[in-house]
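A short write-up of the structure that comes next.
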Amino acid sequence: MKEFDVIIIGGGQSALACAYFLRRTDLSYTILDDQSLPGGAWQHVWDSLTLFSPSEYSSLPGWMMPKSESNFPSKDEVISYLTVYEERYKIPVCRPVEVKAVHHTRHSFELDTSVGGYRCKALISATGNWHHPYIPEITGRGEYSGIEIHSAYYKNADNLKGKKVLIVGNGNSGAQILAEVSKVASTVWAVQKAPEYLPDEVDGRVLFDIASAKYHALQAGKEFDAKQYSLGNIVMVPSVVDARERDVLHYRKTFHAMTPTGVIWEDGNSEDFDVIIWCTGFKPAFDHLKSLDIMDDQQQIETTETESNAIPGLYLVGYGNKTGFASATLIGVGRSARNTINQITAYLKQTK
Ligand code: FAD
């Protein structure tokens, strides 16, 4: 059994941000990541995905992302940044190590992993959500015999030339994939509610500033109204602007059932599709924590900021606003990571 004061599960941007603050303490720690290479989920995103903000708004604590070739850094530039960040700060990452289950005993955690047992006093889960693509339950789904792809596995439109493709989901993934696929295939966009677009000049910078203003307002016990720019709205990256100019950003209200060859729309008409691309989001990758029996019916874990309400010493970092404002972004996770390491330091002093 290998022992550390703190173990971080996951080797993406959230894990690295936590490691940055841990290395300033005298605590022993390691990262366990199930991937063979650095970069976390960025290794798997589609080829043309870029960040929503310029590099100076996309940095982890301590070291700025180098300036990008273009306005918004590409996925390869993000992976390269995360790879060099690990090396620069000599962050100890064990790869590939999958954490299969976590057990809690008084003041310690025991981890079953693909390479044997680990033990620690405080545990950070930073596993993101890429392992858990979500597709809604739809009548007849099992009977559809065409090709289904979740955005988690979509790479590019090379194999879709000349096909009839249904894209499902009104978020940024749906809009960006529609923009790309519509250049080579006939597309229909199915959405639950009408997509809302940000003004062309609003990118991740503005969204992050809003998230920060909201954070500070709530900390000060004030109300905050961000109605004008909802964080879930579609960012007008160049590919989506181009799709608007080609007049392909049409959508229709989603279908209610599937057939062996396509879907049945709300009005009862059916339509056939060769391919369906699900851009319907993700759920947190919490499989390794199931053994702790702390998940609710929605498969969520209750926390106060990042600390588990049920188990002291367990922290969840990077899972979005529920575990810290903007914590699912490169620039936002730093604040969450710093607070978490401060809390861990205090917790370990108190349980000594
Ligand atoms: P991940 O990057 O998913 O890393 C988690 C790691 O943990 C992975 O390596 C995973 O394999 C590993 N893991 C999981 N389970 C286990 C286990 N049991 N044992 C061991 N290892 C495990 N973010 C931005 O900052 N700026 C943007 O502009 C931006 N744009 C985006 C656009 C789109 C369309 C999408 C879909 C996402 C965007 N993101 C952006 C978000 C970003 O991609 C993710 O939020 C980010 O990768 C999350 O980082 P993470 O470290 O929390 O998780």
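Whatever order the structure lists them in is the order used to number ligands and atoms, beginning at 1. In what follows, every heavy atom counts, from backbone to side chain, and hydrogens, waters and symmetry copies are set aside. Residue numbers start at 1 and run along the sequence shown.
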Starting at [atom1] of [X], measure out to [atom2] of [Y] and round the result to the nearest 0.5 Å.
X      : Y      : atom1 : atom2 : value
Phe21  : Arg338 : CZ    : CZ    : 5.5 Å
Leu111 : Leu123 : CG    : CG    : 5.5 Å
Thr113 : Lys2   : OG1   : NZ    : 7.5 Å

Nearest heavy-atom contact between Leu289 and Ser125 is CD1-OG, 3.9 Å
Return the minimal non-hydrogen interatomic distance between Thr30 and Pro92, and the atom names on each side.
-> OG1-O, 3.5 Å
Show which atoms of ligand 1 fall inside a sub-4.0 Å distance from at least one heavy-atom site of [X].
X      : value
Gln35  : 9 (O), 11 (O)
Ile9   : 17 (C), 19 (N), 20 (C)
Gly11  : 6 (C), 7 (O)
Gly40  : 2 (O), 4 (O), 8 (C), 9 (O)
Ala328 : 23 (N), 41 (C), 44 (C), 45 (O)
Leu32  : 20 (C), 21 (N)

Is the gap between the ring centers of His132 and Phe286 under 6.0 Å?
-> no
Aromatic ring proximity, centroids under 6.0 angstrom, Trp278 and Tyr134 = no
Does the side chain of Tyr315 come within less than 4.5 Å of Ser308's, by heavy atoms?
-> no
If you have a sec, work out which protein heavy atom is nearest [atom] and how many Å separate them, to one decimal?
atom                    : value
atom 28 (O) of ligand 1 : Phe52 N, 2.7 Å
atom 9 (O) of ligand 1  : Asp33 OD1, 2.8 Å
atom 53 (O) of ligand 1 : Gly128 CA, 3.4 Å
atom 29 (C) of ligand 1 : Trp42 CH2, 3.8 Å
atom 34 (C) of ligand 1 : Trp46 CH2, 3.6 Å
atom 26 (N) of ligand 1 : Leu51 CD2, 3.3 Å
atom 7 (O) of ligand 1  : Gly10 CA, 3.0 Å
atom 1 (P) of ligand 1  : Ala41 N, 3.6 Å

Are the side chain of [X] and the backbone N or O of [Y] linked by a donor-acceptor pair below 3.5 Å?
X      : Y      : result
Ser68  : Ser55  : no
Asn170 : Val191 : no
Gln350 : Tyr347 : no

Within less than 4.0 angstrom of ligand 1, does [X] place any heavy atom?
X      : value
Asp287 : no
Ser58  : no
Asn172 : no

Please check if a non-hydrogen protein atom sits closer than 4.0 Å to atom 37 (C) of ligand 1.
-> no
Evaluate the ring planes of Phe109 and His104, with Trp represented by its six-membered ring, and classify them as parallel (under 30°), tilted (30 to 60°) or perpendicular (over 60°).
-> tilted
Consider every N or O of Val99 and every N or O of ligand 1, then say whether any pair is closer than 3.5 Å.
-> yes
Backbone or side chain, does any N or O of Thr50 fall under 3.5 Å from an N or O of ligand 1?
-> no
Answer yes or no: is there an ion pair linking Lys100 with Asp112, defined by an N-O contact shorter than 4.0 Å?
-> no
Classify the contact between Ser151 and ligand 1 as side chain, backbone, both or neither, using a heavy-atom distance cut-off of under 4.0 Å.
-> neither
Between the candidates [options], which shows the shortest non-hydrogen contact distance to [atom]?
atom                    : options                : answer
atom 49 (O) of ligand 1 : His44, His131, Gln13   : Gln13
atom 24 (C) of ligand 1 : Leu330, Ile331, Leu111 : Leu330
atom 10 (C) of ligand 1 : Val78, Asp34, Leu49    : Asp34

Under the side-chain contact (heavy atoms from CB on, under 4.5 Å) criterion, do Glu180 and Tyr154 qualify, and how do the steps go?
-> CA-CA 11 Å; Glu180 184 163 271; Tyr154 171 83; 2.5 Å; yes
